[in-house]
Amino acid sequence: MAAAGALAQSVIGDLGSCVHLAQHGVRQIGMPAAAVRMPSESLHGSTGRLSWRLSFNSCKWPTRMRTPLSVSAAHAIVSEDGLGIKTLNDSSGSLNIFKKEETSDGALINSSGKESAVTITVAGASGDLAKKKIFPALFALYYEGCLPKHFTIYGYARSKMTNEQLRTMISQTLTCRIDQSGNCGDKIEKFLQQCFYHSGQYNSEEDFSQLDKDLKEHEGGGLANRLFYLSVPPDVFIDVARCASLRASSLKGWTRVIVEKPFGRDSESSAELTRGLKNYLTEEQIYRIDHYLGKELVENLSVLRFSNLVFEPLWSRQYIRNVQLIFSEDFGTEGRGGYFDSYGIIRDIMQNHLLQILALFAMEPPISLDAEDIRNEKVKVLRSMRPLHIEDVVVGQYKSHVRGGVKYPGYTDDKTVPSNSITPTFAAAALFIDNARWDGVPFLMKAGKALHNRRAEIRVQFRHVPGHLFKRSFGMDLDQATNELVIRVQPDEAIYLKINNKVPGLGMRLDRSNLNLLYADRYSREIPDAYERLLLDAIEGERRLFIRSDELDAAWSLFTPLLKELEARKVVPELYPYGSRGPVGAHYLAAKYNVRWGDLGSESQNA
Ligand SMILES: NC(=O)C1=CN([C@@H]2O[C@H](COP(=O)(O)OP(=O)(O)OC[C@H]3O[C@@H](n4cnc5c(N)ncnc54)[C@H](OP(=O)(O)O)[C@@H]3O)[C@@H](O)[C@H]2O)C=CC1
Ligand SMILES: O=C1O[C@H](COP(=O)(O)O)[C@@H](O)[C@H](O)[C@H]1O
């Protein structure tokens, strides 16, 4: 076994293969040529805190480089930042990927080069999220060949269920990739055979000891890693973490725990949750999931910014007038009113999903694409932000509405919601980042349920062109002539830039047109669900898209004073009809900062 230190020193090699890889885009994705080393030996080994893991299949490329390549050269490369690639000269053209892992979560090197087993236990397996998202995502990973060869999936919950009943439940929500649906039935059957169920209490160490026994039987005595997904209500997070950690941790491999939101209700409860989890787990073992970070277009933000020369120079107060982060759903809290009423839209969407996008959008260029480098930059942005003021926030709640003879229920019509609830189902807010790059630029957020459409997008409105030669063509309203970049996260993923253009003809008439990258037109591949990416990352130990505890603290510091004030003052939300565009107050808030919401232009896809 070669040690990583030795690898780092070995500069042997055939630059031909380097060039070959560069031609396939590797260098562009993040491997500077200077960092490429070419050892002559086999590449798995370990040094200090780093270990090297051998895995197969292009899915297992470290996320930042997860690009399928077909390279036929028989060479191995290791970069100084801990990434390595070994290309095989076999007919499949497959790649072996070496990836650095820290051993603080219990990872051990598999010195034999034999693939280790992974068990994924979903606590709360009988619940909504598990059925809707987690099992389908695990199946999709299996379907794409992204799960390790030896994997087992365990459902754990209090409900009594047999393995067969779990399989029947899961099978109802599995779907196959549109483009490869040929052998779907077989794949579903094989996947289900790897799924098992264990009934137990969330706070019973004894029940987790039983689970441990079951897991061991499936793991077969070799190196086994364990991932626990806490898909349970937040009041049992710590119980499950305690029992899993004390009674069902992997003895030889790593143990990781994915924690679902909400991570508390405010700074204090969040800190308490973190303290509670850290009694049993290290920070490296905790994967706080924010599924918006796993969405394709959110992943793409850094690529758009940092790999296109045309954008990064514009990314500051000098050229950007305002940034808008917009989330809307065309359905209410149906079915989740009980949870929602004690959280509200600000905690449900703004403090996490929209703020995470904002941090990624506004951060300084990170030193590298390593998880810690990116999270360091995100936390700096969050710490540079002003805590929200109540004057910069508008809250709303949907009321019932009859349209086309159909009566849509109001929020308080939900039986699980108190009839006098003042929990906001809509909020708009203006935030500011007090740093050199963003001084004075309003970042407007808007999130709401039961609105007229379902959409999540980032809108970047640029400043006016100075000394605009074409003023006369635009009339008085120069706002209509500014450029706007729209990153549509969902649905119909797209990136488009509104530009001014001459209408063809002999006159000089201008209009606004879109330079449009509509994903469905450009890429035939189906976009993976966010949970697929995040589960795969957790299995691979890639923490870049998970929230670090200091990020979480910073996020809560921004919102906690506002949330407390709203609650203390019992601020009554402005009512808006189900299916409408939300409260009028949102427009006044935007107008206060000289902003017009960009999503109100028209109903067309690319408004
Ligand atoms: N559903 C969603 O779309 C989203 C959910 N989340 C978060 O994910 C987690 C799981 O969500 P979801 O599946 O909707 O939750 P559920 O309410 O469906 O709960 C999951 C499971 O936990 C058990 N459970 C329910 N209530 C309690 C309780 N009071 N005490 C102990 N166990 C309980 C039940 O299983 P059993 O009785 O069999 O033990 C249930 O099937 C939550 O933390 C939620 O906030 C986050 C984002 C979106
Ligand atoms: O976290 C949550 O997200 C969903 C919206 O997720 P999406 O991927 O479907 O856009 C939201 O409905 C839910 O209230 C919230 O808890």
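Atoms within each ligand, like the ligands themselves, are counted from 1 in listed order.
Nearest to atom 22 (O) of ligand 1 among the protein's heavy atoms is P233 CD, 3.4 Å. The protein atom (non-hydrogen) at minimum distance from atom 5 (C) of ligand 2 is E329 OE2, 3.3 Å. Nearest non-hydrogen protein atom to atom 9 (O) of ligand 2 is R454 NH2, 3.7 Å.
Short contacts between ligand 2 and K295, defined as distances under 4.0 Å to a heavy atom of the residue, involve ligand atoms 7 (P), 8 (O), 10 (O). Residue K449 has at least one heavy-atom neighbour below 4.0 Å for each of these atoms of ligand 2: 11 (C), 12 (O), 13 (C), 14 (O). Atoms of ligand 2 lying under 4.0 Å from any heavy atom of Q490, numbered from 1 in the order shown and given with element: 7 (P), 10 (O). Below 4.0 Å from some heavy atom of H353 lie the following atoms of ligand 2, by number and element: 1 (O), 2 (C), 3 (O). Set against the non-hydrogen atoms of P262, the atoms of ligand 1 under 4.0 Å away are 45 (O). Atoms of ligand 2 found under 4.0 Å from any heavy atom of D348, numbered from 1 in the order shown, are 13 (C), 14 (O), 15 (C), 16 (O).
Of the protein's heavy atoms, at least one falls inside 4.0 Å of atom 1 (N) of ligand 1. In this structure, atom 15 (O) of ligand 1 has no protein heavy-atom contact shorter than 4.0 Å. Distance screen at 4.0 Å: atom 30 (N) of ligand 1 has a protein heavy-atom neighbour inside the cut-off.
With a 4.0 Å heavy-atom cut-off, ligand 1 is reached by no atom of F340. In R158, the parts holding a heavy atom less than 4.0 Å from any atom of ligand 1 are both the side chain and the backbone.
The pair E284-R256 does not count as a salt bridge, with every side-chain nitrogen at least 4.0 angstrom from each carboxylate oxygen. A salt bridge links R265 and E567; the closest N-O separation between the charged side-chain nitrogens and carboxylate oxygens is under 4.0 Å. A salt bridge between R459 and E457 is present, with a side-chain N of the basic residue lying under 4.0 Å from a carboxylate O of the acidic one.
Within the cation-pi definition used here (under 6.0 Å to the ring centroid, within 45° of the axis), R581 does not qualify as a partner of Y576. Both tests pass for R167 against the ring of F196: distance under 6.0 Å to the centre and angle within 45° of the axis. A cation-pi geometry, defined here as NZ or CZ lying under 6.0 Å from the six-membered ring centre and within 45° of its normal, holds between K295 and Y292.
Not a single donor-acceptor pair under 3.5 Å links the side chain of D330 to the backbone N or O of A450. With hydrogens and angles disregarded, a donor-acceptor distance shorter than 3.5 Å links the side chain of R288 to the backbone of I547.
Residue A248 comes nearest to D212 through the heavy atom pair CA-OD1, 3.7 Å, listed as atom of the first residue, atom of the second, then distance. Looking at every heavy atom in both residues, S557 comes nearest to P387 through O-CB, 4.2 Å. Across every non-hydrogen atom of E334 and F331, the tightest pair is OE1-C, 3.7 Å.
Nearest to atom 45 (O) of ligand 1 by heavy-atom distance, out of K261, E260, K131, H353, is K261. Of the candidates N203, L129, V122, L129 brings a heavy atom nearest to atom 13 (O) of ligand 1.
The closest approach between a heavy atom of K132 and any atom of ligand 1 is below 4.0 Å. Taking 4.0 Å as the cut-off, Y292 counts as a neighbour of ligand 2 on heavy-atom distance.
An N or O contact shorter than 3.5 Å links D128 to ligand 1 by distance. Considering both main-chain and side-chain atoms, F237 never comes within under 3.5 Å of ligand 1 through any nitrogen or oxygen pair. On a distance-only criterion, G124 and ligand 1 share no N/O pair closer than 3.5 Å. In terms of polar-atom proximity, L230 is not counted as a contact of ligand 1, lacking any N or O under 3.5 Å from an N or O of the ligand.
For Y343 and Y339, the ring centers are positioned less than 6.0 Å apart. Centroid-to-centroid, the aromatic rings of Y154 and Y197 stay 6.0 Å apart or farther.
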